[in-house]
Amino acid sequence: MHQNHPHNAEQKFIPRLVAWELTRHCNLDCVHCRAAASRGPYQNELTTEECFRILKEIKEVGNPIIILTGGEPLLREDIFEIAQEASRLGFRPVIATNGILITDEIAKKMKETGVARVSISLDGATAESHDNFRKVKGAFEGALKGISILKKAGIPFQINTTITEVNVEEVPAILELALKLGAVAHHIFLLVPVGRGKEMADQALTAEKYEKVLHWFYDQRKKVPEGFHLKATCAPHYYRILRQRAKEEGQQVTYETFGLDAVTRGCLAGTGFCFISHRGVIQPCGYLELNCGELRKQTFPEIWWHSEIFKNLRNFKVYKGKCGRCEYVRVCGGCRARAYEATGDYLDEEPLCTYEPKKGG
């Protein structure tokens, strides 16, 4: 077993988050869906037993938060057996759902099986805009109903929002709604145009607008109640902006002053995060469709420590273009999936960045 163990130098690359697409089945057909998920059927999904084995293998490498996602994970009949097993092993399982299928019974099962948090996506602050974004009438109402059931059951929930040109103006209203609903966090995702999202490439923000949104997001930190967590995902530049702004304000970026934002970094693909597909293929993230190994053929530790792609992602010296010479490469890293979409090379520079590195080269 110990031969899978890395040298001390690599210890810092322990997985902190694993997103696991338990199924591609879904009850919605959202316009930006990475999985192009729909009503299936999807052959060959991992069995309950395989999922249990994989959870044990992940435990050998670290103790990441396990995000059970999909498709719509609540459509998997064994979702609560998997959540229970994750809890039993000491993980904090999180379920990412569109909220529509949540009932009192389901909330009760979430509580009983140790689900630590539920994330629900809201891409609009009104029924009209959210339902348009998701191309389903009643999606907003369904999500709000799910949220009210979670609240009643005392299960913490967060709101996730995918930002595009279409809904960027609405993000402040969505944040306001998240606070009003009693969420514990609001996570913003900047569209990565892959899967069905490719057809929305023209709705991705420009680099300038992107920068503006992230500055706005930084400003909200001081305005939200203490304990409410704002996180920018698939927006690695936020971690550069955070440091630039903190420096202007004469602040040190420490755990005490900035909480988790001080210790996390921009793109976590392959460094602190990975994605497991419904068939057990490991990718650096859900948006970067590169096969780093298959859990039906190899163990999780083997793939996590020995995948060539993961090793490259952990070696910032091999990053190219301006990312390669940027002084913020360790805290930002650029979105590897957007680089891959733009150039076919996952080590190339992030296309949506306005920053010019100070280092020559």
Side-chain angles (χ1 to χ4, degrees), residues 1-22 46 48-70 73 76 78-97 110-119 155-158 160 184-185 187 227 229 231 233 239 255-256 258-277 280-286 292-293 295 298-307 309-311 313-314 330 333:
M1 206 127 128
H2 59 265
Q3 95 273 5
N4 282 329
H5 237 46
H7 313 301
N8 287 346
E10 287 183 352
Q11 285 293 359
K12 61 175 179 290
F13 296 117
I14 283 175
R16 292 215 297 272
L17 289 163
V18 172
W20 192 341
E21 169 193 78
L22 288 174
L46 294 167
T48 314
E49 287 64 40
E50 286 177 309
C51 290
F52 284 11
R53 170 181 66 77
I54 292 164
L55 281 168
K56 286 196 184 73
E57 290 175 5
I58 294 173
K59 196 75 198 175
E60 290 174 30
V61 178
N63 195 22
I65 291 168
I66 308 265
I67 305 159
L68 304 172
T69 179
R76 245 193 97 129
D78 59 358
I79 176 72
F80 294 112
E81 291 170 58
I82 295 166
Q84 177 105 54
E85 180 64 3
S87 300
R88 194 185 69 75
L89 289 166
F91 292 115
R92 287 184 63 222
V94 170
I95 290 182
T97 167
M110 286 175 172
K111 259 207 118 97
E112 286 166 359
T113 54
V115 172
R117 185 184 286 191
V118 175
S119 70
I155 297 167
F157 65 92
Q158 72 181 47
N160 290 354
V184 293
H187 290 196
H229 187 218
K231 184 174 179 216
T233 300
Y239 297 90
Y255 189 76
E256 286 65 46
F258 283 83
L260 288 172
D261 281 342
V263 291
T264 190
R265 64 183 286 270
C267 180
L268 293 171
T271 59
F273 176 84
C274 73
F275 172 90
I276 304 174
S277 85
V281 174
I282 291 193
Q283 300 172 193
C285 83
C292 299
L295 288 165
Q298 293 165 280
T299 66
F300 185 89
E302 276 168 1
I303 299 168
W304 180 262
W305 293 122
H306 304 297
S307 144
I309 294 170
F310 282 4
K311 285 182 176 168
L313 288 167
R314 291 166 195 172
R330 286 176 182 281

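What you see is a predicted model, and the numbers here were worked out from it, not measured in a lab.
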Roughly how far apart are [X] [atom1] and [Y] [atom2], rounded to 0.5 Å?
{"X": "Ile54", "Y": "Glu85", "atom1": "CD1", "atom2": "CD", "result": "12.0 Å"}
{"X": "Leu46", "Y": "Glu21", "atom1": "CG", "atom2": "CD", "result": "9.5 Å"}
{"X": "Phe310", "Y": "Ile303", "atom1": "CZ", "atom2": "CD1", "result": "8.0 Å"}
{"X": "Arg88", "Y": "Lys56", "atom1": "CZ", "atom2": "NZ", "result": "5.5 Å"}
{"X": "Ile95", "Y": "Ile67", "atom1": "CD1", "atom2": "CD1", "result": "12.0 Å"}
{"X": "Asn160", "Y": "His187", "atom1": "CG", "atom2": "NE2", "result": "6.5 Å"}

Please enumerate all residues that pass side chain to side chain contact (heavy atoms under 4.5 Å, CB included) together with [X], with sequence neighbours excluded.
{"X": "Pro93", "value": "Leu68, Ala86, Ser87"}
{"X": "Arg330", "value": "Phe316"}
{"X": "Lys111", "value": "Ile155"}

Tell me, please, which residues at least two apart from Phe52 pass ring-ring contact (aromatic ring centres under 6.0 Å, His included).
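Scan of Phe52 (ring-ring contact (aromatic ring centres under 6.0 Å, His included), adjacent residues dropped) gives none.
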Partner residues of Trp20 under the ring-ring contact (aromatic ring centres under 6.0 Å, His included) criterion, sequence neighbours left out:
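Once residues adjacent in sequence are excluded, Trp20 has no partner under the ring-ring contact (aromatic ring centres under 6.0 Å, His included) criterion.
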Hey, mind stepping through Ile282 and Phe275 against side chain to side chain contact (heavy atoms under 4.5 Å, CB included) and telling me if it holds?
CA-CA 6 Å; Ile282 291 193; Phe275 172 90; over 6 Å; no
Nearest atoms (heavy-atom pairs only) where [X] meets [Y]:
{"X": "Gly270", "Y": "Arg314", "answer": "O-NE, 2.7 Å"}
{"X": "Trp304", "Y": "Cys274", "answer": "CZ3-CB, 3.8 Å"}
{"X": "Gly70", "Y": "Pro73", "answer": "N-CD, 3.9 Å"}
{"X": "Phe273", "Y": "Ala19", "answer": "CZ-CB, 3.6 Å"}

Report the C-alpha separation of Arg76 and Ile82 in whole Å, then their side-chain angles, then the decisive distance to 0.1 Å, and conclude whether the side chain to side chain contact (heavy atoms under 4.5 Å, CB included) test is met.
CA-CA 10 Å; Arg76 245 193 97 129; Ile82 295 166; 4.0 Å; yes
Apply side chain to side chain contact (heavy atoms under 4.5 Å, CB included) to residues Val61 and Phe13 and explain how you reach the verdict.
CA-CA 10 Å; Val61 178; Phe13 296 117; over 6 Å; no
Is there a side chain to side chain contact (heavy atoms under 4.5 Å, CB included) between Tyr239 and Arg265 once you walk through the steps?
CA-CA 6 Å; Tyr239 297 90; Arg265 64 183 286 270; 5.6 Å; no
Member of Leu22, Thr69, Ile58 meeting the side-chain contact (heavy atoms from CB on, under 4.5 Å) criterion with Ile276:
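Single side-chain contact (heavy atoms from CB on, under 4.5 Å) partner of Ile276 among Leu22, Thr69, Ile58: Ile58.
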Mind checking salt bridge (charged side-chain N to carboxylate O under 4.0 Å, His left out) for Glu57 and listing every partner two or more places apart, or none if nothing turns up?
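Scan of Glu57 (salt bridge (charged side-chain N to carboxylate O under 4.0 Å, His left out), adjacent residues dropped) gives Arg53.
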Do Val184 and Phe157 have side chains that approach each other closer than 4.5 Å (heavy atoms only, starting at C-beta)?
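A side-chain contact is absent here, since even the closest heavy-atom pair is not under 4.5 Å.
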Within the structure provided, determine whether His229 and Asp261 are in side-chain contact (heavy-atom separation under 4.5 Å).
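Sidechains of Asp261 and His229: in contact.
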